Amino acid sequence: MTSTYKDSGTASLKDEEEFTDILEERRCTTDLGYALRTFNPQPYKGAPSSSTSDLKKAVLESQYLRYIAKEIALETGSSVEKVRQEARGILEEMSHNLQLGFIRLMAYTVNKVFKRLFRSIYVNMEGLNMLQQAIQESPVILMPNHRSYVDFLIVSFILFTYDIPIPVIAAGIPLASMKVVGEILRRSGAFFIRRAIGSDKLYWAVLSEYVRTIVRTGCAPLEFYVEGFRSRTLKSVVPKLGMMDMVLEPYFKGEVFDITLVPISISYDRVVEESLLALELLGVPKPKESTTGLFKASRVLQEDYGCMHVNFGRPLSVRQLCEGKINRSEYNLIPRDLPQRPSTEIQDCVNWVAHLIVRTQEEGSLISPWSLMACLLLQAPITTLTEEGLQWHGLTEKTLWLRKLVLDFRGRLNWPAHTTDSDVMSSTVALHHSIVHHKAGRVCLVQDGDPASQDPLSPEEGVMRTAAAVLMLVSYRNQALHVFVRPGILATAIHITKSTQKDELFSFFCFLRDVFANEFIFIPGRASQDFDEACSLLQKCGAVHMSEQEVTVLETGLEVLSFLQKLLQPFLDSYQLIFRYLCENGAHVFTEKQFLPAVQNLATKLILSGDLHTFEVLSSDTQKNVLSALRRLEAVTKLRASQQNEYKVNKAAVRRTGDILSGKIPPESLHAIPDARL
Ligand SMILES: CCCCCCCCCCCCCCCC(=O)SCCNC(=O)CCNC(=O)[C@H](O)C(C)(C)COP(=O)(O)OP(=O)(O)OC[C@H]1O[C@@H](n2cnc3c(N)ncnc32)[C@H](O)[C@@H]1OP(=O)(O)O
Ligand SMILES: O=C(CO)COP(=O)(O)O
């Protein structure tokens, strides 16, 4: 028997869906028995049983690739045969070689590892049943969020356990170069893609034809990570569009009747790579993917990572999603197997679908008690957090308050049922002993030093040490941000503009939405819906009163508004600091290599002098997001001819953006922002 739990009021999951702990049954059977279980999945009904070599042949022999090879040969003066030979090489490097024997080997190993790492792995069986059904009806694309290397293991593990066809998975090429392991992954379904393809026409052609052939034939479900890498911040990443475009094209061209997209939300109580991800944000290089590195990492097996939840979202029909959004007849004008640049309408639709999927992943993810505690811990002054600590009782009380707010805001909470609130709090803090400790009624941030080192840390090293711990805490806060961000932006707009006029607040809301479009996921074209959602949530929790023209703050809502505004304050402070750096720095042209350490140096100095209170600006993710925002607002431009990512800054435009953000320029001036960007 596997255990299930269900909503039991406000203290548990908000929805009615049941989650089943799939590890419970695994703990009652042998690993070998599990690995050798009967595996007889029902594939897509029209799917031919094609081998890997059939797939490669179909790609290589396709009219599309033949046409591109001729074009490249003409452009480069090379022979067609030479180009085709090159394409064959790319295909060899890329192709998966899925074999059941290797899935069984992986099932044996992964089963052992998961039982060590996790207390429970909860899966929503209703979602899994819908997936099973969908796989028989049309080609299916599995789209999980990406926070950990565990993500791709867990999805195949679940599908193997429930007799569902094993997916082929787009994997970054560095994984292929791991000795032995790379080949095992290939035989477990991985196909390997280069990360930055740039303008390599032949590579794009081989990859897109490979992906389209899998989708067209439906020979296996295709899994890919639309965020493109593991989010170092545990916040959703703005989707990459290359693979999304490739998987949708067979539908656009009418080669398949429909395609089903399945968003999958994987939520971890504790992420295996938590400290490495935080260090990477501070500029420590990622350890290279290697087999020896994998064995060295086996010490993670000694740790407890709590529970994980895997939520299979409702399958989405591309046919239904795109209805009324695009006109597919443009594809009738030239033969289907010839390359065609997608129209702006198609590109916008791909972008919209990709954002919708990431937003749906957010909505399907579960928020843990720890994530709520992280939101609150980070609102305390840094010295309180690092020195005397926060009072346990106060923190408990406030966490329970926040739990109610999350439920009011329709967030999905993973608050264990049948346990007292104080036990939930204590076990949560115990699980995260690497970040905080609870002693003498207080909770403090843990800051790891090197115990072997005799030398005291320099002040700058001290800042980095604190930053590593703070950024870990920030990443867990980030797991809850999607629930708060829309009302949070409205609360910020109210705070900065001091206006009660709905149209002024809407203008400022749109400005913030535009500035923070790399920080949070906003579905393009939905600014009004986002604003309405923010208004209705703030009204629901009694924070504001709404009339036709006005949004009035209520006395009872001050606590909520202050919490939300403080939640977003580190983003505002970080952006303002970087704007200031760009305006005060003498140079008008800079490279990314100069920009990142220079911002980090300035921020470190200001933290030491007590003039800056957020450590988040030290994160390379924040710094890159600011750059992207300024490029979108046309205050910074990338110099196309440059080899080394050079940017040109328009200081007046950066200053104006900063002035609007701080409320110095009245909100009316914002009407100049073109609607298209909203
Ligand atoms: C029972 C137990 C079993 C256990 C069993 C275990 C299973 C074990 C399996 C292991 C499995 C591991 C799985 C790991 C998971 C990852 O490794 S996640 C990382 C890999 N996956 C991804 O990245 C997918 C998402 N990424 C994308 O879609 C990206 O777009 C791509 C395709 C990688 C390309 O990235 P990129 O080169 O950075 O390109 P991108 O920024 O999208 O676009 C660049 C330019 O190309 C242009 N472009 C776009 N499309 C095209 C085109 N078709 N032609 C020409 N130009 C184009 C764009 O317009 C853009 O132009 P500009 O705007 O710059 O002018
Ligand atoms: O996504 C990956 C495999 O999961 C590897 O890329 P990152 O290390 O950039 O996340």
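Whatever order the structure lists them in is the order used to number ligands and atoms, beginning at 1. All heavy atoms count here, side chains included; hydrogens, waters and symmetry mates do not. Quick caveat, the model's predicted, so the values are computed rather than measured.
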- If you compare Ala205, Ala171, Ser208, Ala190 by their heavy atoms, the one closest to atom 12 (C) of ligand 1 turns out to be Ala171
- Which protein non-hydrogen atom lies closest to atom 28 (O) of ligand 1, naming both residue and atom, and how far is it? Met243 N, 2.8 Å
- Item | Element-labelled atoms of ligand 2 that are located less than 4.0 Å from some non-hydrogen atom of Arg232 | 7 (P), 8 (O), 9 (O), 10 (O)
- Item | Close side-chain approach of Ile22 and Val310, heavy atoms under 4.5 Å | no
- Do any nitrogen or oxygen atoms of Ser148 lie less than 3.5 angstrom from nitrogen or oxygen atoms of ligand 2? no
- Query: Does NZ or CZ of Arg328 come closer than 6.0 Å to the centre of the six-membered ring of Phe252, within 45° of the ring's axis?
  - Reply: no
- Taking 4.0 angstrom as the limit, do Arg359 and Glu363 come out as a salt bridge? yes
- Just go through Ile68, Leu105, Leu153 and tell me whose heavy atom is the nearest to atom 6 (C) of ligand 1. Leu153
- Query: Do any N/O atoms on Gly172 end up under 3.5 angstrom from N/O atoms on ligand 1?
  - Reply: yes
- When distances are taken from atom 19 (C) of ligand 1, the protein heavy atom at minimum range is Gly228 O, 3.2 Å
- Query: Taking only heavy atoms of Ile197, which atoms of ligand 1 are found under 4.0 Å from at least one of them?
  - Reply: 34 (C), 37 (O)
- Message: Give me the residue, atom name and distance of the protein heavy atom closest to atom 30 (O) of ligand 1.
- Response: Gly242 N, 3.0 Å
- By number and element, which atoms of ligand 1 are closer than 4.0 Å to a non-hydrogen atom of Ser156? 1 (C), 3 (C), 4 (C), 5 (C)
- Message: Looking at ligand 1, would Phe229 count as a contact under a 4.0 Å heavy-atom criterion?
- Response: no
- Message: Would you say that more than 12 heavy atoms from the other residues, nucleotides or ligands in this model lie under 6.0 Å from the CZ of Arg27, or not?
- Response: yes
- Task: Within a distance under 4.0 Å of any heavy atom of Ala107, pick out the atoms of ligand 1 and give their elements.
- Result: 1 (C)
- Query: Heavy-atom contact under 4.0 Å between Ala170 and ligand 1?
  - Reply: yes
- Identity and distance of the protein heavy atom lying nearest atom 47 (C) of ligand 1: Trp204 CZ2, 3.9 Å
- Note on the structure: Here the atoms of ligand 1 under 4.0 Å from any heavy atom belonging to Ala196 are 37 (O)
- Message: Below a 4.0 angstrom heavy-atom separation, can you tell me which part of Tyr225, side chain or backbone, both or neither, approaches ligand 1?
- Response: both
- Task: Could you tell me whether atom 10 (C) of ligand 1 has at least one protein heavy atom nearer than 4.0 Å?
- Result: yes
- A student checking ligand 2 against Arg195 at a 4.0 Å heavy-atom cut-off should list atoms 1 (O), 2 (C), 5 (C), 6 (O), 7 (P), 9 (O)
- Task: Could you walk me through whether Arg216 and Glu209 pass salt bridge (Lys or Arg N to Asp or Glu O under 4.0 Å), step by step?
- Result: CA-CA 10 Å; Arg216 238 185 261 131; Glu209 189 56 23; 3.4 Å; yes
- Query: Crowded around Lys296 NZ? As in, over 12 foreign heavy atoms under 6.0 Å?
  - Reply: no
- Query: Is the shortest distance from atom 61 (O) of ligand 1 to a protein heavy atom below 4.0 Å?
  - Reply: no
- Task: Please determine if Lys240 has a nitrogen or oxygen closer than 3.5 Å to a nitrogen or oxygen of ligand 1.
- Result: yes
- Item | Protein heavy atom at shortest distance from atom 59 (O) of ligand 1 | Arg341 NH2, 4.3 Å
- Item | Exercise check, heavy-atom protein proximity under 4.0 Å to atom 23 (O) of ligand 1 | yes
- Item | Enumerated ligand 2 atoms positioned under 4.0 Å from heavy atoms of Lys286 | 6 (O), 7 (P), 8 (O), 9 (O)
- Note on the structure: Taking only non-hydrogen atoms of Arg230 and a 4.0 Å limit, the atoms of ligand 2 in range are 1 (O), 7 (P), 8 (O), 10 (O)
- Residue-ligand contact Leu185/ligand 1, heavy atom below 4.0 Å: yes
- Note on the structure: When rounded to the nearest 0.5 Å, the distance separating CG of Leu36 from OG1 of Thr30 is 8.0 Å
- Message: Within the 4.0 Å heavy-atom shell around Ile169, which atoms of ligand 1 are there?
- Response: 7 (C), 9 (C), 11 (C), 13 (C)
- Task: Answer with yes or no whether Phe152 contacts ligand 2, where contact means a heavy atom under 4.0 Å from a ligand atom.
- Result: yes
- Query: Any heavy atom of Gly198 sitting closer than 4.0 Å to ligand 1?
  - Reply: yes
- Message: Could you identify the single nearest non-hydrogen protein atom to atom 14 (C) of ligand 1 and state the distance to 0.1 Å?
- Response: Phe152 CD2, 3.5 Å
- Just need the protein heavy atom nearest to atom 33 (C) of ligand 1, so name the residue and atom and give the distance. Ile193 CD1, 3.8 Å
- Message: Would Arg195 count as a polar contact of ligand 1, with the cut-off being nitrogen or oxygen pairs under 3.5 Å?
- Response: yes
- Message: Any protein heavy-atom neighbour for atom 26 (N) of ligand 1 (distance below 4.0 angstrom)?
- Response: yes
- Message: Tell me whether the NZ or CZ atom of Arg104 lies within the 45° cone about the ring axis of Phe160 and under 6.0 Å from its centre.
- Response: no
